[in-house]
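As structure tokens, the structure follows; a few thoughts come after it.
For ligands, and for the atoms within them, numbers begin at 1 and follow the listed sequence. None of the values given here were measured: they were computed from a predicted structure. Only heavy atoms go into these numbers, but all of them, side chains included; no hydrogens, no water, no symmetry mates.
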Amino acid sequence: MTVLIKNAHIVGASENYMGDIFIEGEQITAIGKSLNVQADQIINATGLIAFPGAIDPHVHLEMPFMGTFSSDNYETGTRAALHGGTTTVIDFILQKQGHSLNEAFNEWSSRATGNTLGDYSFHMAVTDFNENTRKEIAELIEKKGITSFKMFMAYKGALMIDDKQMVGLMQEVKQHGGMVTVHATNGDMIDFLVDQFKQQGKTAPLYHYLSQPEVTEAEASERFAAISGYTGCPGYIVHMTCEGALNAVRNNNRDNQKVFAETCIQYLLLDASLYEKDFEGAKWVMSPPLREKKDQEALWAGINQGLIQVVATDHCPFTWEQKQLGKNDFSKIPNGHPAIEHRVELLYSEGVRKGKITLNKFVEVLSTNPAKIFGMFPKKGCLAPGADADIVLFDPQHEHTISATSHHMQTDYSGYEGWKLTGKCKTVLLRGKVVIENGKCLVEKGYGQYIKRNTVSQII
Ligand code: URP
Ligand code: ZN
Ligand code: ZN
């Protein structure tokens with residue numbers, strides 16, 4: 001099967017020109033002006049922007065968490081992702097404390113295999129680092145293509161590991177060429193504040209926010225960066241929300257070391273005033289919480305300064321019924337919110353159109369940098385001969401409104417209900433096949449492939 005995309009406005013992390021894209025099978029084989037080739041399918045992309053399929057390196061599908069499971073499974077989650085131009089996701093395997101990494105790998109693989117519509121890979125969250133788990137790291141990297149290991153500095157008793165375990169894990173991962181990613185907040189300090197608020201009878205979602213002040217994230221980010229520097233293990237801070245944490249990365253760069261940083265679309269666009277809506281604030285209960293306007297400004301600046309390389313989602317959806325688990329106790333509200341579908345369109349409408357970032361930066365933070373950092377480049381993350389034909393054809397003029405009544409995520413609310421956006425993913429190709437066309441999904445579960453990732457994170 002061959003496909004020819006004609007007259008597209010082609011945009012990459014550093015390219016911006018008009019041209020045609022020729023696809024043979026699953027890959028791009030030629031790009032140029034007025035390509036003179038025959039094709040089985042011709043797509044007229046006049047007026048459309050073509051960019052590489054977006055990669056979301058931070059999603060939690062069907063994840064057991066806080067007494068329930070996140071409400072999108074591998075089928076619904078990757079379908080919603082495709083609708084929004086995200087062709088590859090990286091999900092998190094969670095080791096159960098007292099159990100092996102391989103058991104966790106098998107459990108997660110059995111849920112995902114054959115069920116995804118989009119391509120996917122895994123990070124491994126190490127929640128119990130000991131001599132046995134240490135011995136499993138090399139095989140995961142070399143045989144299973146899991147080259148990134150997640151550490152939680154919070155959620156004590158469930159996911160958190162201490163500094164001693166972090167140093168050991170980082171030494172081992174470094175030795176085998178991998179990298180670590182981190183949920184960087186001070187778990188003990190948060191637990192202290194949670195207990196204190198609860199003792200005072202303060203149970204509303206607002207106290208979720210107040211029990212995770214900026215300092216809890218800034219302190220943990222500094223500590224993580226210091227240990228990463230000491231061990232020499234490449235590090236990546238997930239879901240950065242605030243100025244204090246960004247400054248930890250800035251300081252670390254001053255020491256001639258690089259810690260990668262990811263923020264998520266919600267931290268750029270939403271703020272903590274949403275927690276003043278009584279229990280409705282539970283829709284935005286996530287960790288870390290939404291912050292202040294000054295933090296949003298810092299994050300946009302951090303993106304443009306190259307200190308933040310990725311805009312992800314931390315998609316971890318729960319239904320409104322699931323959120324009721326914390327009706328009388330904010331610490332029991334399942335942490336997370338739905339976002340996988342709208343990251344690309346939100347970042348275009350609110351970021352590119354409002355002049356906060358360029359079109360090239362948009363592609364860089366959504367696709368090229370995640371592919372480079374997580375060992376998928378140049379198969380993913382760029383439009384070039386030899387790359388997978390994962391392509392979004394984006395209509396920059398199309399106006400639409402976000403609503404839970406029309407989104408494809410398995411949640412009965414949206415954190416952006418009623419938001420009017422300009423710009424929509426019109427046609428999405430994954431490995432040469434049109435998977436989304438004008439709001440219709442054209443593939444079934446099972447089309448998505450597991451991506452074994454490389455260890456080399458390109459320096460960006
Ligand atoms: O609130 C969040 N972020 N839920 C998912 C788990 C995590 O910490 O990433
Ligand atoms: Zn987290
Ligand atoms: Zn997460």
task: List the steps and the verdict of side chain to side chain contact (heavy atoms under 4.5 Å, CB included) for L346 and Q266.
output: CA-CA 9 Å; L346 281 164; Q266 60 272 23; over 6 Å; no
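Here the two rings, on F394 and Y348, have centers that are under 6.0 Å apart. Between H58 and H239, the gap from one ring centroid to the other is short of 6.0 Å. Between F330 and Y209, the ring centre distance reaches or exceeds 6.0 Å.
Residue contacts with ligand 1 for M286 involve both N, CA, C or O and side-chain atoms from C-beta outward (heavy atoms, distance under 4.0 Å). Contacts with ligand 1 closer than 4.0 Å are made by side-chain heavy atoms of D314 only, the backbone lying farther away.
Contact annotation: H58 has at least one heavy atom less than 4.0 Å from an atom of ligand 1. Residue contact annotation: Y155 has a non-hydrogen atom under 4.0 Å from ligand 1.
Short contacts between ligand 1 and C316, defined as distances under 4.0 Å to a heavy atom of the residue, involve ligand atoms 5 (C). Set against the non-hydrogen atoms of H60, the atoms of ligand 1 under 4.0 Å away are 5 (C), 6 (C), 7 (C), 9 (O). Remark: ligand 1 atoms within the under-4.0 Å shell around heavy atoms of H239 are 8 (O), 9 (O).
Among heteroatoms of the N, O or S kind in H60, NE2 lies nearest the Zn ion (ligand 3).
Counting heavy-atom neighbours within 6.0 Å of E321 CD, excluding the residue itself, gives a total of 12 or less.
Between F362 and F51, the ring planes are perpendicular. Angles over 60° get that label, and only those under 30° would be called parallel. Between Y413 and W320, the ring planes are perpendicular. Angles over 60° get that label, and only those under 30° would be called parallel.
For atom 4 (N) of ligand 1, the nearest protein heavy atom (residue, atom name, distance) is N335 O, 3.0 Å. Closest to atom 1 (O) of ligand 1, if we only count protein heavy atoms, is S287 N, 2.8 Å.
How far CZ of R453 is from NE2 of H123: 6.0 Å, rounded to the nearest 0.5 Å. Here the CG-CZ distance, from N186 to F224, works out to 15.0 Å after rounding to the nearest 0.5 Å.
Counting only protein atoms, the N, O or S atoms lying less than 2.8 Å from the Zn ion (ligand 2) are H183 ND1, H239 NE2, ordered by chain and residue number.
The ring pair (Phe, Tyr, Trp, His ring centres under 6.0 Å) with Y450 is formed by just one residue from the set Y74, W108, Y120; it is Y120.
Put simply, the side chain of S221 gets close to the backbone of E217: a donor and an acceptor are under 3.5 Å apart.
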